[in-house]
There are 2 protein chains.
Amino acid sequence: MASADPGRPGFQLPLLLLAGFRTLIDDLHAELARQGHPELRPLHGFVLQAVGVDGTTATELGQRLGISKQAAGKTVDRLVAVGYLDRVDDPRDARRRVITMTPLGVDGLRRSAEIFDRLRERWVESLGPERVDALEDDLRTMAAANWFRLDVPGWFGS
Amino acid sequence: MASADPGRPGFQLPLLLLAGFRTLIDDLHAELARQGHPELRPLHGFVLQAVGVDGTTATELGQRLGISKQAAGKTVDRLVAVGYLDRVDDPRDARRRVITMTPLGVDGLRRSAEIFDRLRERWVESLGPERVDALEDDLRTMAAANWFRLDVPGWFGS
DNA sequence: GTACCATAGTCAACGTGGTTGACGAAATAG
DNA sequence: CTATTTCGTCAACCACGTTGACTATGGTAC
């Protein structure tokens, strides 16, 4: 009979994936805070990445993040308030308000990328490069394929 | 120079971990809904597991989940409202209100465990047992060790 | 050129999962 | 008996998401 024993195999996998994600994110933001970006919240790095160096609009950002344009707009509000993003009118289409990164935003994104690289290096040091590659390949197989394309990610929600 | 290219190695890892977690959780709840538990939300399975067959209290549940007792209480409210949990007075300590699972809660938890087992089986079929074991081992090494004990988990939060 | 439709952004209301602070009631230590 | 601790709850708030409605603008068909 099936019990709810937490030692059951099935329960471990989601917990471990979540734990892995959380440790990376927590480490990232601890380090970001240390490097002068204490305002950056867990999702903000992903949002900055989705905005990109070329800028975007609220609607397009929502599509990239897999959330509604309203939710995207609210997140942009917050990041504008803390100085990471800017909204400028599009002279060629008065409906659009183009979202761009400020120099602070660019710095935060650059540091996020560097810190993530360094954290991955830590995994490589502990596990060896083959294991980390295998882990990524396997996750790509199981998750990315039937969920989203990683360059246009959608996270959370439900 | 460090760009924000999403193809950079460091960015992939957290995204893939999150994607893996999300696909498991999404599949779980799609299947749970099909099996008569459409009310169960993503975190509820973990909450049920944390309540356990012996029951617990709001304060203790909060500690197990790594959240405040108030937040735990609110989640219990919702699960009581949809019939998965019960609150009963403790005759030996009038301050305590013991949280227990209803038969519906037990059924939901049992099905969650079974579905998780089956989903892990799918991973094993696709990747092979060694790869899945390696993945879990590696995640345990990198994440679980310095974050939480899996039998007394704390998730989310910020 | 005017009607019509699609699109961009915003507002409002709401849901959910968290937080902190305060507080009453009950248990416990002295 | 008094002082302290603990349990549960209330209230206010925040972050992040949703849907529906609405305005303004742009593009297209006639």
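Per chain, numbering begins at 1; letters A, B, ... match sequence-line order.
- Remark: the B/Q12 side chain and the A/R140 side chain contain an N/O donor-acceptor pair separated by less than 3.5 Å.
- Across residues 30-39 of chain B, not one residue has a non-hydrogen atom less than 4.0 Å from an atom of DNA chain D.
- Applying the side chain to side chain donor-acceptor pair (under 3.5 Å) rule to A/T59 yields no partners; only residues at least two apart in sequence or on another chain are considered.
- Shown here are the side chain to side chain donor-acceptor pair (under 3.5 Å) partners of A/D138, two or more places apart in sequence or in another chain: B/R131.
- Going from atom CG of B/L79 over to atom P of C/dT16 covers 11 Å, rounded to whole Å.
- When the side chain to side chain donor-acceptor pair (under 3.5 Å) test is applied to A/R118, no partner is found at least two apart in sequence or on another chain.
- In this structure, A/K69 atom NZ and C/dA12 atom P are separated by 16 Å, rounded to whole Å.
- Contact check on B/R122 versus B/E125 returns no salt bridge, with no Lys/Arg side-chain nitrogen under 4.0 Å from an Asp/Glu carboxylate oxygen.
- For A/S68 and B/Q70, each mapped to the nucleotide of DNA chain D holding its nearest heavy atom, the one lying further toward the 5' end belongs to B/Q70.
- Checking C/dA8, D/dC16, C/dG17 against every side-chain atom of B/R41, the shortest atom distance belongs to C/dG17.
- Atom CG in A/L18 sits about 14 Å away from atom P in C/dG17, given to the nearest Å.
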Side-chain donor-acceptor contacts of residues 95-107 of chain A below 3.5 Å, not counting sequence neighbours, with atom names and distances?
from	atom 1	to	atom 2	distance (Å)
A/R95	NE	A/D93	OD1	3.1
A/R95	NH2	A/D93	OD2	2.9
A/R96	NH1	A/D90	OD2	2.7
A/R97	NE	A/D89	OD1	3.4
A/T102	OG1	A/G83	O	2.6
A/T102	OG1	A/Y84	O	3.3
A/T102	OG1	A/L104	N	3.3
A/T102	OG1	A/G105	N	3.1
A/D107	OD1	A/R110	NH2	2.6
A/D107	OD1	A/R111	NE	3.3
A/D107	OD2	A/H37	NE2	2.7
A/D107	OD2	A/R111	NE	2.8

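- Annotation: side chain to side chain donor-acceptor pair (under 3.5 Å) contacts of A/R92 (sequence neighbours excluded): none.
- The NE2 atom of A/H44 sits 15 Å away from the P atom of D/dC14 (whole-angstrom rounding).
- Remark: P of C/dG18 and CG of B/D77 are 13 Å apart, rounded to the nearest angstrom.
- In the set D/dC16, D/dC7, C/dG9, the nucleotide with an atom closest to the side chain of A/T59 is C/dG9.
- The shortest distance between the side-chain N/O atoms of B/T57 and the OP1/OP2 oxygens of D/dT6 is not below 4.0 Å.
- B/K74 has its NZ atom 17 Å from the C1' atom of D/dC7, to the nearest Å.
- Nucleotide D/dT18 holds its C1' atom 15 Å from the CG atom of A/L65, rounded to whole Å.
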Donor-acceptor pairs under 3.5 angstrom involving side-chain atoms of residues 69-76 of chain A: please list them, not counting sequence neighbours.
from	atom 1	to	atom 2	distance (Å)
A/T75	OG1	A/A71	O	3.2

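- Between the CZ atom of A/R78 and the C1' atom of D/dC14 there is a distance of 9 Å, rounded to whole Å.
- Residues of residues 87-99 of chain A having a heavy atom closer than 4.0 Å to DNA chain D, listed by number: A/D93, A/A94, A/R95.
- Listed by chain and residue number, nothing satisfies the ring pair (Phe, Tyr, Trp, His ring centres under 6.0 Å) test with B/H29 (two or more places apart in sequence, or in another chain).
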